[in-house]
Amino acid sequence: MLDIKFIRDNPDAVRKAATDKHVSCDVDRLIEVDAKRRSVQQELESLRTQSREGGQQIALCRNKKSDWYKRAIEDGKTDENIKAEADRVQQELNDVKARMKPLDEQSREIEETFAALMLTVPQPPAPEVPLGKDDTQNVELRRVGEIRQFDFEPRDHVTLGQELGIIDIERGVKLAGSRNYVLKGDGALLHQAVLRMALDLMVQRGFTPMHVPVLVRENVMTGTGYFPTGRDQAYLCERDEMALVGTAEVPLTAYRSDEIIPADELPIKYCAQSTCFRREAGAAGKDTAGLYRIHLFDKVEQVIICRNDEELSKRFHQEILQNAEDVVQALELPYRVVNVCTGDLGQGQVQKFDIETWMPSRNSYGETHSASRFYEFQARRLMLRYRDDNKKIRYCHTLNNTVIASPRILIPVLELHQNADGSITIPMALRSYMDGRERIEK
RNA sequence: GGAGGAGUGGCCGAGCGGCUGAAGGCGACGGUUUUGAAAACCGUUUGACGGGCAACUGUCACGGGGGUUCGAAUCCCUCCUCCUCCGCCA
């Protein structure tokens, strides 16, 4: 969410952001509703003032012990005069009340419309974000690691997994429909190993490990920017008005919502492993092979909540990107970092760097990590604030990035570390999590 | 799930139709005192939304929403949360 004052003063910037991000947002209507909202509010406030003052007058008229009453009697008024006065005021107030009623209803409607429109406003991208229509126009920043050249015909992760008996997609689909799977034996252990390795690394780097709810209230989804746009991507538990999160970013970022965080606690660095649920609505037919695009996975996520300072945000953005790169490097996987273009940016994101890891079966780099900074966008929706050095209340800045998401990361892990005999060499960094073993084999 | 009790400012806690955005205490912050500290004393200390260049100012908020009333923290309805007991389950 943006400051309405900013929107009023910079409607063109907001319009441009909407166009560049392919977000639909009726800025003119918003500005119009905002003007109406303020005029109705002012009118209503002045009627309320009348009502309150009149009410106080009646109170005085009814309280024979009040100074005002005694003075009125001294001035020669009779009890009857005063009673008549009270009755007259009450008549007036009935009239005021009658005028307030329709205004009240109107105000309620307008506020609702206004709030709904505000939720559609996109965060303008940073100037360093490349202009582009979709992910094909993301800009590669760097490549790290050598792409392995095989001296045998490499198998894809599905084949490897099947042969080793560690991935069972067929039965996963039997249980839960398309885009589901079962990890078995060493597959299940490897999944746990990458997650735990990633979590341990984050704890070492000063992030507080958390365990958080994955079924949350809808306002938490709205606060982090996933609702109302994107509502169709979430699994809803409508009977309970709850939604399953697609990432631990949601509960981690909202954890301190509605708080004024003591400034000396900032920056706050949280990480959490959680199960992630994604409906993948509208992705029918896309990435149907294997473990790439699935409805359920586990992810370790990192979140930073910091002071309202763009330079600081940028610094932390690099930090969380580095954390993720270090994880990919620890897994001995080649990857590239891309600067995500405007068309591929989310509504609230200021800038996003994706890490794409090499996946032989796709013969391309595939997205495994996504590092975003939001400035105040989420903090405003969540009422995530702190008091600055001048005691002024300010909105925090928020950032987040994947640390590792599995089983997607198992695609390159299995495919790039496979051997001619169909076995897998376990990367060094994971061996201590795999009982010291060097290989996965039949 | 059944029965009962409770939800007030950073915390504790009073108020139970108008004088209460809210006593009192604690905490925090500023000051006086002191060689320094403690103690004591004095003062400050909620947020949201709106108006104004600003100083400043208006409205709203006592778990959420709705209602009664000229007027609600106080009365009524409803929902939520927490506590106790019972049931059920891990």
Side-chain angles (χ1 to χ4, degrees), chain A residues 1-9 30-72 82-119 121 213 215-220 222-223 237-243 254-266 308 376 379-396:
Chain A
M1 197 152 68
L2 300 184
D3 188 347
I4 182 63
K5 287 182 201 127
F6 173 87
I7 300 170
R8 281 203 292 264
D9 296 344
L30 174 60
I31 289 173
E32 197 182 296
V33 170
D34 170 54
K36 184 74 189 162
R37 159 181 162 262
R38 284 181 295 150
S39 80
V40 169
Q41 180 177 344
Q42 279 167 45
E43 199 175 340
L44 210 46
E45 281 180 8
S46 85
L47 287 174
R48 282 209 194 98
T49 305
Q50 281 183 50
S51 160
R52 189 177 48 80
E53 285 170 353
Q56 281 167 353
Q57 186 54 236
I58 291 171
L60 291 172
C61 293
R62 299 231 174 123
N63 182 357
K64 298 195 174 182
K65 287 175 193 153
S66 75
D67 291 344
W68 180 89
Y69 200 101
K70 287 177 192 155
R71 216 175 309 124
I82 294 171
K83 176 148 193 327
E85 167 76 3
D87 290 345
R88 189 187 57 78
V89 173
Q90 188 157 332
Q91 277 307 308
E92 271 176 28
L93 289 185
N94 284 336
D95 185 52
V96 169
K97 207 182 168 190
R99 278 195 288 157
M100 276 172 71
K101 195 165 183 204
L103 262 181
D104 247 330
E105 276 164 31
Q106 197 187 358
S107 164
R108 211 176 293 191
E109 255 170 61
I110 289 171
E111 288 296 343
E112 212 170 286
T113 310
F114 175 73
L117 283 168
M118 282 297 277
L119 290 178
V121 176
L215 183 59
V216 300
R217 295 177 193 279
E218 294 211 3
N219 66 322
V220 173
T222 306
C237 299
E238 278 160 312
R239 192 166 59 162
D240 299 294
E241 296 183 317
M242 305 276 266
Y255 180 57
R256 302 293 224 111
S257 59
D258 292 317
E259 293 186 26
I260 297 173
I261 300 169
D264 58 13
E265 275 190 55
L266 300 174
N308 191 311
E376 307 176 343
R380 276 186 178 274
R381 292 180 171 220
L382 289 168
M383 292 300 258
L384 197 59
R385 298 101 92 210
Y386 70 101
R387 224 177 276 279
D388 71 12
D389 299 336
N390 301 318
K391 300 251 177 183
K392 196 175 167 251
I393 289 173
R394 308 205 55 187
Y395 291 103
C396 301

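A, B, ... follow the sequence lines: proteins, then strands. Residue 1 opens every chain. Heavy-atom basis, side chains included; hydrogens, waters and symmetry copies ignored.
- Spacing of C1' atoms, B:U74 relative to B:A37, comes out at 47 Å, to the nearest Å.
- Distance CG (A:Asp258) to P (B:U81): 16 Å, rounded to an integer number of Å.
- Spacing between B:A14 and B:G52 at atom C1', rounded to whole Å, works out to 38 Å.
- Between the C1' atoms of B:A61 and B:G21, the separation comes to 9 Å (whole Å).
- Annotation: side chain to side chain donor-acceptor pair (under 3.5 Å) contacts of A:Glu218 (sequence neighbours excluded): A:Arg231.
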Does the protein touch nucleotides 43-61 of chain B at the base, only the backbone, or not at all? Give it as B, S and - per nucleotide, heavy atoms under 4.0 Å. ----SSBSS------BSS-
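- One atom, CG of A:Leu60, and another, P of B:G18, lie 13 Å apart when rounded to the nearest Å.
- Comparing B:C75 with B:C26, their P atoms are spaced 30 Å from each other, to the whole Å.
- Taking A:Gln90 as the reference, A:Arg62 meet the side chain to side chain donor-acceptor pair (under 3.5 Å) condition, with sequence neighbours excluded.
- For the pair A:Met242 CE and B:C80 P, the interatomic distance rounds to 13 Å; values are reported in whole Å.
- A donor-acceptor distance shorter than 3.5 angstrom exists from the side chain of A:Arg381 to the backbone of A:Thr222, with no hydrogens or angles considered.
- When all heavy atoms are compared, the tightest approach of A:Ala86 to A:Ile58 is O-CG1, 4.1 Å.
- Of all the heavy atoms in A:Ile110 and A:Lys36, the pair that sits closest is CD1-CG, 3.5 Å.
- The gap from the C1' atom of B:G24 to that of B:U78 amounts to 34 Å, rounded to the nearest Å.
- The minimum heavy-atom distance between A:Ser257 and A:Leu382, with the atom names listed, is CB-O, 3.1 Å.
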Using atom types as modelled, flag every donor-acceptor pair under 3.5 Å from a side chain in residues 101-108 of chain A to any protein atom, sequence neighbours excluded.
none

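- Evaluation of the ring-ring contact (aromatic ring centres under 6.0 Å, His included) rule for A:Phe114 yields no partner, not counting sequence neighbours.
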I'd like a table of donor-acceptor pairs (distance under 3.5 Å, sequence neighbours excluded) in which one partner is a side-chain atom from residues 46-54 of chain A, with atom names and distances.
| residue | atom | partner | partner atom | Å |
| --- | --- | --- | --- | --- |
| A:Ser46 | OG | A:Glu43 | O | 3.1 |
| A:Thr49 | OG1 | A:Glu45 | O | 2.9 |

How far apart are the C-alpha atoms of A:Arg37 and A:Glu111, what are their side-chain angles, what is the distance that settles it, and do they pass the salt bridge (Lys or Arg N to Asp or Glu O under 4.0 Å) test? CA-CA 7 Å; A:Arg37 159 181 162 262; A:Glu111 288 296 343; 3.5 Å; yes
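- Contacts between residues 89-97 of chain A and RNA chain B, defined by a heavy-atom separation below 4.0 Å, involve A:Gln90, A:Leu93, A:Asn94, A:Lys97, listed by number.
- Partners of A:Glu109 by side chain to side chain donor-acceptor pair (under 3.5 Å), not counting sequence neighbours: none found.
- Every stem involving RNA chain B, taken as at least 3 paired positions in a row under the Watson-Crick or G-U wobble test at 3.5 Å, is listed here: B:1-7 with B:80-86, B:10-12 with B:24-26, B:27-32 with B:40-45, B:46-51 with B:56-61, B:63-67 with B:75-79.
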Report, one pair per line, the protein and nucleotides 64-67 of chain B atoms (nitrogen or oxygen only) whose separation is under 3.5 Å.
| residue | atom | partner | partner atom | Å |
| --- | --- | --- | --- | --- |
| B:G66 | OP1 | A:Arg108 | NH1 | 3.2 |

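- As a whole-Å value, the separation of A:Lys391 NZ from B:A28 P is 13 Å.
- For the P atom pair drawn from B:C88 and B:G15, the interatomic distance equals 41 Å after rounding to whole Å.
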Assess the residue pair A:Gln91 and A:Asp95 against the criterion (side chain to side chain contact (heavy atoms under 4.5 Å, CB included)); give the C-alpha distance rounded to whole Å, side-chain angles, the decisive distance to 0.1 Å, and a yes or no. CA-CA 7 Å; A:Gln91 277 307 308; A:Asp95 185 52; over 6 Å; no
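- Scanning for side chain to side chain donor-acceptor pair (under 3.5 Å) contacts around A:Glu85 gives A:Arg88, with sequence neighbours left out.
- Annotation for A:Tyr255: atom OH does not count as buried by contact number, only 12 or fewer foreign heavy atoms lying within 6.0 Å.
- Atom CD1 in A:Ile58 sits about 15 Å away from atom C1' in B:A72, given to the nearest Å.
- Straight-line distance between the P atoms of B:A38 and B:U32: roughly 14 Å, to the nearest whole Å.
- The distance between atom CG of A:Asn219 and atom C1' of B:U81, rounded to the nearest whole Å, is 14 Å.
- Atom-to-atom, CD of A:Glu259 to C1' of B:G9 comes out at 16 Å; the value is rounded to the nearest Å.
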Just list the side-chain donor-acceptor pairs under 3.5 Å for residues 386-394 of chain A, sequence neighbours left out, or say none.
| residue | atom | partner | partner atom | Å |
| --- | --- | --- | --- | --- |
| A:Tyr386 | OH | A:Asn308 | N | 2.9 |
| A:Asp388 | OD1 | A:Asn390 | N | 2.8 |
| A:Asp388 | OD1 | A:Lys391 | N | 3.2 |
| A:Asp388 | OD1 | A:Lys392 | N | 2.9 |

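- A gap of 22 Å separates the C1' atoms of B:A48 and B:U44, to the nearest Å.
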